[in-house]
Amino acid sequence: MADYALTKSRRLLTPLDYSAVFDGADYKVSDRSVLVLAINNELGYSRLGLVMAKKNIRLAVQRNRIKRQIRESFRTNDIGRGSLDIVVLARRGLDQMENEAVRSLLTTCWDKLLAKASHAAHSQLNAEKV
RNA sequence: AGAGCUGGUCAGGCGGUCGCUGAUUGGCAACGUUAGAUGCUUGCGUCUAUGUUGCUGGUUGGAGGAAAGUCCGGGCUCCAUAGGGCAGGACGCCAGGUAACGCCUGGGAGGUGCGAGCCUACGGAAAGUGCAGCAGAAAGGAAACCGCCUGAAAAACUUCGGUGCUUCAGGUAAGGGUGAAAAGGUGCGGUAAGAGCGCACCGCGCGGCUGGUAACAGGCGUGGCGAUGGUAAACCCCGUCCGGAGCAAGACCAAAUAGGAGCCUAUUGCCGCUGCCCGCGGCGGGCUCGGGUAGGUUGCUAGAGGCAGUCGGCGACGGCUGUCCCAGAUGAAUGAUCGUUCAAGACAGAACCCGGCUUAUCGACCAGCUCUCAUA
């Protein structure tokens with residue numbers, strides 16, 4: 001059974017954390033209404049950061065709703081057991097989606113991200129063998 | 001029963017599971033301070049109290065009526081103790097409420113609706129300047145286009161009394177026409193025709209009186225009204241109010257790295273306090289002391305506070321008594337999911353805090369009142 005908690009240690013807290021992800025994003029997963037960036041960390045667990053630009057999602061109520069959905073999805077998914085620093089950026093139109101749609105979109109994003117990360121780990125392993 | 005007006009209240013409920021955040025209270029671990037007790041190898045242990053951090057359990061609090069727009073008014077903080085003048089801005093019937101207001105309450109005036117009600121940027125146009133398209137003869141100490149009336153000349157006609165085309169000189173603001181507006185209105189008298197020329201009523205100006213704190217209302221007298229047209233969300237005048245910046249205010253602890261703090265002294269220059277002037281503060285020099293960006297802590301929620309009762313007031317509101325504690329985040333919490341139920345859930349998310357205004361909004365309910373219809 002996975003640990004479903006989401007405490008402060010599992011979130012990105014400072015501007016330094018964020019700029020590290022923006023400057024050297026190892027993995028990218030893109031969709032029409034959302035962009036996910038991530039880098040490896042050495043902590044043994046994943047951390048989440050959110051960027052909800054007021055320009056893209058105008059109403060505060062909608063921004064809160066989307067953030068809650070993303071956090072809930074991150075919390076209940078296996079992605080939390082990886083070792084990644086992840087930043088999710090909202091794009092225009094995300095506030096038009098229903099909760100269920102947002103959740104399924106994010107699940108596919110997490111799957112893609114995990115696949116890329118494990119693939120990268122494998123190729124690094126192979127490179128080391130050669 | 002239907003249609004409507006005013007004021008107010010609520011903003012899905014219940015249960016299970018998994019989360020976030022504040023407070024509080026246990027347990028465990030690490031580190032530290034001081035105090036007490038105690039062991040002896042007399043400078044090190046042990047225990048208890050206590051502080052910080054981490055993990056973990058219990059209890060409990062956790063968005064709004066608009067949290068919004070940031071349009072006003074305050075508190076609070078720093079700048080000088082918030083000062084003087086000019087400039088600038090806001091407001092503008094009267095009285096009251098308030099910390100204050102551009103808000104609210106009550107009253108007056110005008111407009112509007114059958115009515116309950118609703119609406120009003122509602123000071124001054126005899127201080128000055130400006131503005132008014134088109135139409136119209138004339139638009140502000142106005143004006144004669146048509147018309148009406150009088151007089152003179154006079155074609156033509158004539159029953160020889162006159163009727164008078166046309167022209168000229170005058171009178172006339174009653175009628176037509178233009179316009180948003182034509183200089184008091186309506187009626188009667190009057191007149192050559194007319195005219196406040198005279199009279200009545202209404203309106204307006206001026207002066208007393210009565211009621212009212214006042215705005216104002218009523219009534220009396222008086223002026224014939226060629227006094228004083230409109231426009232001040234045109235400039236303006238008058239009155240009242242307004243210093244600036246904002247919680248990223250400000251205070252404290254503090255990595256890297258050389259930009260500081262206190263005291264004394266000086267007032268040429270520069271910077272800041274307001275756009276400008278006065279005025280004030282800082283930078284400058286000397287002496288003494290080491291410092292304050294990232295980050296953290298604080299400010300940060302007990303308040304012009306809510307609720308109930310009571311007293312004063314028409315009311316806004318105020319006094320007194322009792323009672324309650326009701327978000328405090330900071331990459332930013334207040335949620336997710338399942339079940340159930342109903343009248344089927346709108347607009348929408350705190351960011352220093354209050355009082356207002358404005359805008360958005362599915363609906364539900366309560367109180368008072370108005371109009372219409374029916375029954376009796």
Side-chain angles (χ1 to χ4, degrees):
Chain A
M1 192 64 192
D3 182 10
Y4 288 131
L6 184 66
T7 55
K8 269 188 183 173
S9 59
R10 303 299 177 90
R11 303 198 298 256
L12 299 182
L13 294 175
T14 64
L16 264 73
D17 296 335
Y18 276 85
S19 53
V21 177
F22 284 125
D23 292 345
D26 296 332
Y27 317 110
K28 270 189 203 175
V29 175
S30 184
D31 186 85
R32 254 192 52 185
S33 51
V34 76
L35 172 67
V36 182
L37 303 175
I39 58 169
N40 288 307
N41 68 28
E42 307 295 326
L43 296 169
Y45 52 83
S46 290
R47 299 191 299 178
L48 177 70
L50 301 169
V51 177
M52 301 286 121
K54 207 170 186 176
K55 201 178 98 188
N56 292 333
I57 302 180
R58 205 170 54 77
L59 292 176
V61 169
Q62 295 301 326
R63 286 197 297 275
N64 278 338
R65 199 190 99 226
I66 300 296
K67 283 195 281 190
R68 283 167 185 154
Q69 289 297 325
I70 295 173
R71 274 199 292 265
E72 194 66 16
S73 171
F74 179 83
R75 184 170 75 81
T76 52
N77 194 281
D78 285 344
I79 192 81
R81 293 196 293 174
S83 187
L84 298 166
D85 280 354
I86 304 166
V87 172
V88 180
L89 291 98
R91 286 176 167 168
R92 202 164 299 193
L94 190 60
D95 56 327
Q96 304 296 318
M97 297 174 74
E98 295 295 318
N99 284 356
E100 278 183 36
V102 174
R103 294 290 280 276
S104 64
L105 171 66
L106 281 163
T107 305
T108 56
C109 283
W110 302 143
D111 289 348
K112 283 182 189 172
L113 193 59
L114 278 176
K116 284 192 179 184
S118 63
H119 181 73
H122 271 286
S123 37
Q124 197 179 7
L125 213 64
N126 292 343
E128 277 174 10
K129 276 181 185 171
V130 172

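The sequence lines fix the lettering, A, B, ..., with proteins before strands; numbering per chain opens at 1.
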>> With rounding to the closest Å, how many angstrom separate the P atoms on A80(B) and C283(B)?
In response: 12 Å
>> Taking side-chain hydrogen bond (donor to acceptor under 3.5 Å, both in side chains) as the definition, give me every residue that meets it alongside Asp85(A), ordered by chain and number, with sequence neighbours left out.
In response: Asn41(A), Arg47(A)
> Is there a Watson-Crick or G-U wobble partner for G315(B) with both distances under 3.5 Å, and if so, which one is it?
Replying inline: none
>> By the side-chain hydrogen bond (donor to acceptor under 3.5 Å, both in side chains) test, which pairs, at least two apart or in different chains, include something from residues 101-115 of chain A?
In response: Gln69(A)-Arg103(A), Ser73(A)-Trp110(A)
> Counting only Watson-Crick or G-U wobble pairs whose two distances fall under 3.5 Å, which nucleotide matches G205(B)?
Replying inline: U222(B)
Distance-only donor-acceptor hits, side chain of residues 50-58 of chain A, under 3.5 Å, sequence neighbours excluded:
| from | atom 1 | to | atom 2 | distance (Å) |
| --- | --- | --- | --- | --- |
| Asn56(A) | ND2 | Ala90(A) | O | 3.1 |

> Are Ile39(A) and Phe22(A) linked, directly or through other ILVMFWY residues, by side chains that come within less than 4.5 angstrom of each other?
Replying inline: yes
>> How long is the straight-line distance from CZ of Arg71(A) back to OG1 of Thr76(A), given to the nearest 0.5 Å?
In response: 13.0 Å
> Which whole-number value in Å describes the distance from Lys67(A) NZ to A333(B) C1'?
Replying inline: 10 Å
> In whole angstrom, what separates Asp95(A)'s CG from C347(B)'s P?
Replying inline: 13 Å
>> Quick check for you: among A336(B), G19(B), A333(B), whose closest atom lies nearest to any side-chain atom of Arg75(A)?
In response: G19(B)
> What does the inter-axis angle of the helix from C20(B)-G62(B) to C31(B)-G51(B) come out as, five pairs per end, nearest 10 degrees?
Replying inline: 0°
>> Under the rule for side-chain hydrogen bond (donor to acceptor under 3.5 Å, both in side chains), what residues qualify as partners of Arg91(A), not counting sequence neighbours?
In response: Ser30(A)
>> Taking pairing as Watson-Crick or G-U wobble with both contacts under 3.5 Å, can you name the mate of A367(B), or confirm there isn't one?
In response: U6(B)
> What's the CZ-C1' distance between Arg47(A) and G331(B), to the nearest Å?
Replying inline: 12 Å
> Between G335(B) and A99(B), how far is it from one C1' atom to the other, in whole Å?
Replying inline: 40 Å
>> Expected output is a numbered-order residue list: members of residues 49-63 of chain A with a heavy atom under 4.0 Å from any atom of RNA chain B. What is it?
In response: Leu50(A), Val51(A), Leu59(A), Ala60(A), Val61(A)
> Counting only Watson-Crick or G-U wobble pairs whose two distances fall under 3.5 Å, which nucleotide matches A343(B)?
Replying inline: none
>> Can you measure Ile70(A) atom CD1 to A332(B) atom P for me and round it to whole angstrom units?
In response: 11 Å
>> Taking G205(B) as the reference, what is the distance to G229(B) when you measure between their P atoms (whole Å, please)?
In response: 13 Å
>> Return the pairing partner of C283(B) with a 3.5 Å limit on both distances, Watson-Crick or G-U wobble; otherwise return none.
In response: G269(B)
> By side-chain hydrogen bond (donor to acceptor under 3.5 Å, both in side chains), which residues pair with Asp26(A), not counting sequence neighbours?
Replying inline: none
>> Under a 3.5 Å distance rule, please check whether Ser33(A) uses its side chain to pair with a backbone N or O of Leu94(A) as donor and acceptor.
In response: no
>> Rounded to whole Å, how long is the line connecting atom CG of Asn99(A) with atom P of C338(B)?
In response: 10 Å
Protein-nucleotides 61-64 of chain B N/O pairs under 3.5 Å:
| from | atom 1 | to | atom 2 | distance (Å) |
| --- | --- | --- | --- | --- |
| A63(B) | N6 | Asn64(A) | ND2 | 3.4 |

> Considering every strand shown, what is the Watson-Crick or G-U wobble mate of A95(B) when both distances are under 3.5 Å?
Replying inline: U105(B)
